[in-house]
Amino acid sequence: MKDLQKRTWAEVSLNNIEHNYRTIRAHIPENTKFLGIVKADAYGHGAVEVAKRLEKCGADYLAIACLDEAIELRKCGVTMPILILGHTPPDYVNLLLENKLTQTVSCEAKAIEYSNAARELGGTLKIHIKLDTGMSRLGYLCADSYFDEGVKNVVSTCNLPNLDVEGVYTHFAVSDFSDEDSIAYTKKQFKLFTDVIRAAEEKGVSFKIRHCANSGAVVNHPEMMLDMVRPGFLLYGYGDEGKLGLKPAMRMVSTVSTIKYYEPQTCISYGRNFVTEKRTRMGVMAAGYADGLPWAAAGKYSFAVEGKSAPQRGNICMDMCMIDLTDIPDASVGSEVEIFGENARIERLAEAAGTIPYELLCAVSKRVPRVYID
Ligand SMILES: *Cc1c(COP(=O)(O)O)cnc(C)c1O
């Protein structure tokens, strides 16, 4: 780690991601395809590295959020199918075609625009139709009174020229919750999804890939895996509640840069929100909110240092924060501090900050070098 100034870094284990991939693969039916979600720089793990490893392992598909993310992967030599989950303005259909990207289509009006653009370019755009079955985000409306119109719009999309409708999918709102109400809601979404597909197929269209299972559904609703699963969180080692034996792929590490002793009644950091009660051996850790440490977690979380737990004290600053090393005599300047990883669970840090682990992974900033440890 000599070129990293030994400040703060994020260790990423691609072997753990491969382990998670193989574990999930073993859990899904043999004929079910695997789409790896690598949006948002693969949840902070590095989209190019993760995509290349998944490609090598034999994953079937990748998905990212937007065109730029897809082009980055193509430029780095990733050749496997890539689905864009978000919207791409029809002005960029040339780039979708050139880069052999699959575009999500979320309503009939957009389908018509894509069809027209592809026809003008003399190409055929591969698309997946997205149905809104209850997430109320992107997708063809099809619930309740929208059912017939939804089916009709899906069918007419399938019949547009210069579009190759390869797949149809939907997204769950609460598949990661296992209370009764959430389970019922997910089942209702799934039923609506399959009902729309059946009604459309009765009108003569067909879909090669029907998919809806995100991480929550892979764990809680295995009957919903259909032709392809779409996990993100699981791939990075979280969200299985120990059921599958997944391994977290990222370990965020910082270092102790200074240690000082403070007398009782010394106030610590911005805002003077922490005051020492006794003589305290305080370390300055070289990571702050600009590295991705959540400001909201101040005073509510402990890091792992030399095999012990070091409580964080006072407000978190942009580039540093203070940690109490009074009970860790082995800690010295240069000691590693695990911000999250095997010894300091990211779920606990998320709870302390009032957020979700997903946000913390995505928040590990550009300043934090990713170190691939295997
Ligand atoms: C992000 C995303 C996923 C993956 O969700 P996880 O909870 O990380 O498994 C799947 N599908 C869509 C449409 C998404 O946007």
Side-chain angles (χ1 to χ4, degrees), residues 16-17 20-21 23-25 27-28 32-45 47 50-51 54 59-70 73 81-88 101-107 127-140 166-178 182 185-186 189-190 193 209-222 224-241 243-244 246-250 346-347 350 355-364:
N16 283 5
I17 291 177
N20 297 336
Y21 165 78
T23 304
I24 300 163
R25 192 104 238 185
H27 171 77
I28 67 178
T32 298
K33 292 178 193 294
F34 186 104
L35 176 151
I37 300 266
V38 295
K39 65 191 179 194
D41 204 24
Y43 294 35
H45 295 70
V50 174
L54 289 176
D60 302 283
Y61 235 110
L62 296 173
I64 42 67
C66 57
L67 180 59
D68 280 340
E69 292 184 339
L73 295 182
I82 300 177
L83 173 65
I84 300 183
L85 299 168
H87 174 59
T88 307
L101 301 170
T102 309
Q103 176 59 46
T104 292
V105 175
S106 57
C107 66
I127 67 162
H128 285 205
I129 291 177
K130 174 114 186 238
L131 305 180
D132 180 0
T133 57
M135 172 72 176
S136 308
R137 196 173 65 178
L138 292 181
Y140 287 59
E166 178 190 48
V168 61
Y169 74 104
T170 193
H171 195 42
F172 294 129
V174 287
S175 63
D176 51 338
F177 291 85
S178 42
S182 300
Y185 194 81
T186 304
Q189 281 197 263
F190 182 69
F193 182 54
I209 312 178
R210 303 158 301 153
H211 53 109
C212 57
N214 56 353
S215 293
V218 168
V219 174
N220 296 324
H221 302 278
M224 300 181 187
M225 299 204 252
L226 299 176
D227 302 315
M228 184 159 78
V229 294
R230 244 178 25 234
F233 205 42
L234 289 180
L235 193 55
Y236 303 105
Y238 310 97
D240 69 327
E241 283 152 27
K243 284 182 206 154
L244 299 177
L246 303 178
K247 299 180 183 172
M250 189 188 284
I346 196 171
E347 291 88 347
T355 182
I356 52 174
Y358 290 76
E359 187 180 42
L360 298 184
L361 291 172
C362 295
V364 176

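This one's a predicted model, so the numbers in the text were calculated from it and none came from an experiment. Numbering of ligands and ligand atoms starts at 1, following listing order.
The two atoms that bring Leu226 and Thr32 nearest to each other are O-OG1, 3.1 Å, heavy atoms only. Across every non-hydrogen atom of Leu83 and Tyr61, the tightest pair is N-CE2, 3.7 Å.
Within 6.0 Å of atom NZ in Lys33, 12 or fewer heavy atoms from other residues, nucleotides or ligands are found, so the atom counts as exposed in its surroundings.
Heavy-atom distances between Tyr358 and ligand 1 reach below 4.0 Å in at least one pair.
The shortest N or O to N or O distance between Ser215 and ligand 1 is below 3.5 Å. Considering backbone and side-chain N/O atoms, Phe233 comes within less than 3.5 Å of an N/O atom of ligand 1. Below 3.5 Å of separation, one finds no N or O of Tyr169 facing any N or O of ligand 1.
Between Ile82 and Thr102 the shortest side-chain heavy-atom distance does not fall below 4.5 Å. Side-chain contact between Leu235 and Leu54: present, with at least one pair of heavy atoms (C-beta onward) separated by less than 4.5 Å.
In this structure, His45 and Tyr236 have parallel ring planes: the angle between them is below the 30° cut-off, well short of the 60° mark. Relative ring orientation between Phe172 and His221 is described as tilted, the plane-to-plane angle lying within the 30° to 60° band.
With hydrogens and angles left out, the side-chain atoms of Ser215 and Tyr238 include no donor and acceptor closer than 3.5 Å.
Residue, atom and distance of the protein heavy atom nearest to atom 4 (C) of ligand 1 are Tyr43 OH, 3.5 Å. Summary of contacts: the protein heavy atom closest to atom 3 (C) of ligand 1 is Ile37 CD1, 3.5 Å. Among protein heavy atoms, atom 11 (N) of ligand 1 sits closest to Arg230 NE, 2.8 Å.
The option from His171, Met135, Lys39 that lies nearest to atom 15 (O) of ligand 1, judged by heavy atoms, is Lys39.
Listed by number with element, the atoms of ligand 1 under 4.0 angstrom from any heavy atom of Leu85 are 13 (C), 14 (C), 15 (O). Near Pro231, meaning under 4.0 Å from one of its heavy atoms, ligand 1 places the atoms 9 (O). Below 4.0 Å from some heavy atom of Arg137 lie the following atoms of ligand 1, by number and element: 15 (O). Taking every non-hydrogen atom of Gly232 and a distance limit under 4.0 Å, the qualifying atoms of ligand 1 come out as 4 (C), 6 (P), 8 (O), 9 (O).
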